[in-house]
Amino acid sequence: MSQLNLLLRLLISLMLVVSIAGCAGGKTYESTGEYLDDSAITTKVKTSILGDSKLKFFQISVKTFKGVVQLSGFVNSNEVATRATEITRTVKGVKMVNNSLIVK
């Protein structure tokens with residue numbers, strides 16, 4: 001009975017190690033924790049943009065990967081594009097902003 005118990009504990013430990021290692025991120029993909037953090041950053045940036053009176057009328061797309069936020073869409077002026085970048089930089093957790101906004 002003792003050997004069976006030891007074998008069972010070993011198998012459970014092995015399964016835990018494999019499941020934890022499966023959640024790790026890499027260069028081209030995020031871990032589960034990074035994905036959740038990036039989702040929170042994206043939501044905060046969108047909320048900040050919609051809360052700004054100069055930006056709320058524009059459709060600005062926000063995507064986040066490992067703390068790097070990419071803004072895309074169309075705006076009316078360079079000032080609006082710059083304002084969107086400035087607001088995004090103030091959000092906690094943002095490491096860098098890629099501004100791909102196009103002035104029409």
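Values in this document were obtained by computation on a predicted structure and should not be read as measured data. Side chains are part of it too, since the values below use all heavy atoms of this structure and drop only hydrogens, waters and symmetry mates. In what follows, residues are counted from 1 in the order of the sequence shown.
With values rounded to the nearest 0.5 angstrom, Glu86 atom CD is found 10.5 Å from Asn99 atom CG. Note that NZ of Lys66 is 4.5 Å distant from CD of Glu34, once rounded to the nearest 0.5 Å. In this structure, the separation between CG on Leu71 and CD1 on Ile102 is 12.5 Å, given to the nearest 0.5 Å. From Thr88, atom OG1 reaches atom NZ of Lys46 across 12.0 Å, with rounding to the nearest 0.5 Å. The CZ atom of Phe57 lies 10.0 Å from the CG atom of Asp52; values are rounded to the nearest 0.5 Å. Taken from OG in Ser53 to CZ in Arg83, the straight-line distance is 7.5 Å, to the nearest 0.5 Å.
Asn98 contributes no side-chain N or O that, together with a main-chain N or O of Val68, makes up a donor-acceptor pair within less than 3.5 Å.
Of all non-hydrogen atoms in Ala84 and Leu101, the two that sit nearest each other are CB-CD1, 3.8 Å. Nearest heavy-atom pair, Arg89 versus Val97, reported as atom, atom and distance to 0.1 Å: CG-CG2, 3.7 Å.
In this structure, Leu55 and Ile87 have side chains that are in contact, with non-hydrogen atoms separated by less than 4.5 Å.
Atom OH of Tyr35 has 12 or fewer heavy atoms from other residues, nucleotides or ligands within 6.0 Å.
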inquiry  = Pair Lys104, Asn76 - check side chain to side chain contact (heavy atoms under 4.5 Å, CB included), show working.
reply    = CA-CA 6 Å; Lys104 34 179 179 166; Asn76 287 339; 3.6 Å; yes

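None of Ile41, Val91, Val45, Thr43 except one satisfies the side chain to side chain contact (heavy atoms under 4.5 Å, CB included) rule with Val62; the exception is Val45.
If you chain together hydrophobic residues whose side chains sit under 4.5 Å apart, Ile60 and Phe74 never meet in one group. Each of Val94 and Phe65 belongs to its own hydrophobic cluster when Ile, Leu, Val, Met, Phe, Trp and Tyr are linked at side-chain heavy-atom distances under 4.5 angstrom.
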